[in-house]
Amino acid sequence: MSKSRRPATVLAHAGRHPRENHGMVNPPVYHTSTALWPTVAAMDASHAGFEHGVYSYGRVGTPTSEAFEDAVTALEGGYGSVAVSSGLAAVNVALTAFAKAGDHVLITDSAYGPTRRYADTVLARFGVEVEYYDPLAGAGIEALFRGNTRLVYLESPGSLTFEVQDVPAIAAAARSRGILTALDNTWATPLGFDAFGHGVDVTVHAATKYMVGHSDAMMGIVGAREKPVWLKLKTFAVTSGHCAGPDDLYLAQRGLRTMGVRLRQHQENALEIARWLQARPEVARVLYPALPQDPGHALWRRDFTAASGLFAIVLQPASTTQVAAMLDGMELFQMGASWGGYESLILPTHPEKIRTATTWQAEGPGVRLHVGLEDPADLIADLEAGLDRLRAAA
Ligand SMILES: *Cc1c(COP(=O)(O)O)cnc(C)c1O
């Protein structure tokens, strides 16, 4: 795909080759474990590296995994990607591919909970020193660098709390010391934040969210800006047995085709609902970088090209009974983990329980919302009834 093409065009065309597939618009789905070699020479050649279009075994790569990887790579403008079975598997690959016992890894204190759990249990068990840092550290992160610092892990905006990180400043500080950076870019997707353009080495996406976009498959993908970094990711993923199933890869690739229009609508709906919530007396704060009142808004405007449909609110002081009264009765905002599908979701959050480098100060309980593609007026009516129940339960 030519570099000059715009993202919407890339989404429509990347990763498919109709002329090689009998003229069919979409690539076929290869269900396979085994790739057959015609000769011993071909067998030996297929083990030589991870050459594009050369296949040795289903786990190592197929035309179906390459089709999705190529599409994401074209969108991100990096060297290459590796698709794996879930977003958390992608986190695992990014955190583990470069680290060895005795290394020091810095992770933002705002990171996705299961990312922390992986780092605190598995990485720590293998002798990697994990340290959390203030998501707002910016260039000041340099003070935390040590001789054995190998990786800085970012997530912007942060899970549950939505702090926007100064990614270019952190990436530049790390680069000047030869330290790699990896960014969980699930919230913005490559359409909303150009990770490689802002100096990041490795991207992590829970493709389960907006790439798949329909809450019907799990998928993860890591991307690398440069070839040596991609080779490390690919080698680690293959060595560890990471791979994704063909139908799920196809669903993720299909989701990409409409991700641009979906994301625009998620943002439009989310902004309308965030503004409405801002004016409600039960709501102390709305944590959504696309709002001018958000503390991360200036950085978001500087670095991002879109917002998604996920944000949180901090309620005025309220009891758990009151929050349950609100959430238990929701009709459209259903309670469930994950997000990024067409449907709205809602969850109580407890960011103060997982922080270690910073403390999360909040007036009252936290609630995270994923604003789906429903009509915002219906969503607002659902929230209004919920806030009425919250007040009535006081
Ligand atoms: C959901 C999520 C993940 C993990 O993705 P799964 O596909 O659920 O394993 C990782 N990072 C972020 C920010 C997420 O929201």
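What you see below is based on every heavy atom in this structure, not just the backbone, and it leaves out hydrogens, waters and symmetry mates. Predicted model only: the values in this text are computed from it and were never measured. In listed order, ligands and their atoms are each counted from 1.
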Checklist line | side chain to side chain donor-acceptor pair (under 3.5 Å) partners for S159, two or more places apart | finding: E155
Note to self: Looking at R116 and D109, is any side-chain nitrogen of the basic one under 4.0 Å from a carboxylate oxygen of the acidic one?
What the structure shows: yes
Could you tell me, for ligand 1, which of its N or O atoms are under 3.5 Å from any protein N or O, listing the pairs and their distances rounded to 0.1 Å?
from: ligand 1; atom 1: 7 (O); to: G87; atom 2: N; distance (Å): 2.8
from: ligand 1; atom 1: 7 (O); to: T208; atom 2: OG1; distance (Å): 2.5
from: ligand 1; atom 1: 9 (O); to: G87; atom 2: N; distance (Å): 3.2
from: ligand 1; atom 1: 9 (O); to: L88; atom 2: N; distance (Å): 2.8
from: ligand 1; atom 1: 11 (N); to: D184; atom 2: OD2; distance (Å): 2.7
from: ligand 1; atom 1: 15 (O); to: K209; atom 2: NZ; distance (Å): 2.6
from: ligand 1; atom 1: 15 (O); to: W339; atom 2: NE1; distance (Å): 3.2

Note to self: Once ring-ring contact (aromatic ring centres under 6.0 Å, His included) is applied, do any residues pair with W276, and if so which ones, sequence neighbours excluded?
What the structure shows: none
Notebook entry, point to check: Mind checking what makes ring-ring contact (aromatic ring centres under 6.0 Å, His included) contact with Y288, not counting sequence neighbours?
Noted result: F311
Next item on the list: Could you tell me whether the side chains of T161 and W360 share a donor-acceptor contact shorter than 3.5 Å?
Entry: no
Next item on the list: Determine, step by step, whether D294 and W300 satisfy the side chain to side chain contact (heavy atoms under 4.5 Å, CB included) criterion, reporting the C-alpha distance in whole Å, the side-chain angles of both residues, the deciding distance to 0.1 Å, and the verdict.
Entry: CA-CA 10 Å; D294 188 275; W300 177 79; over 6 Å; no
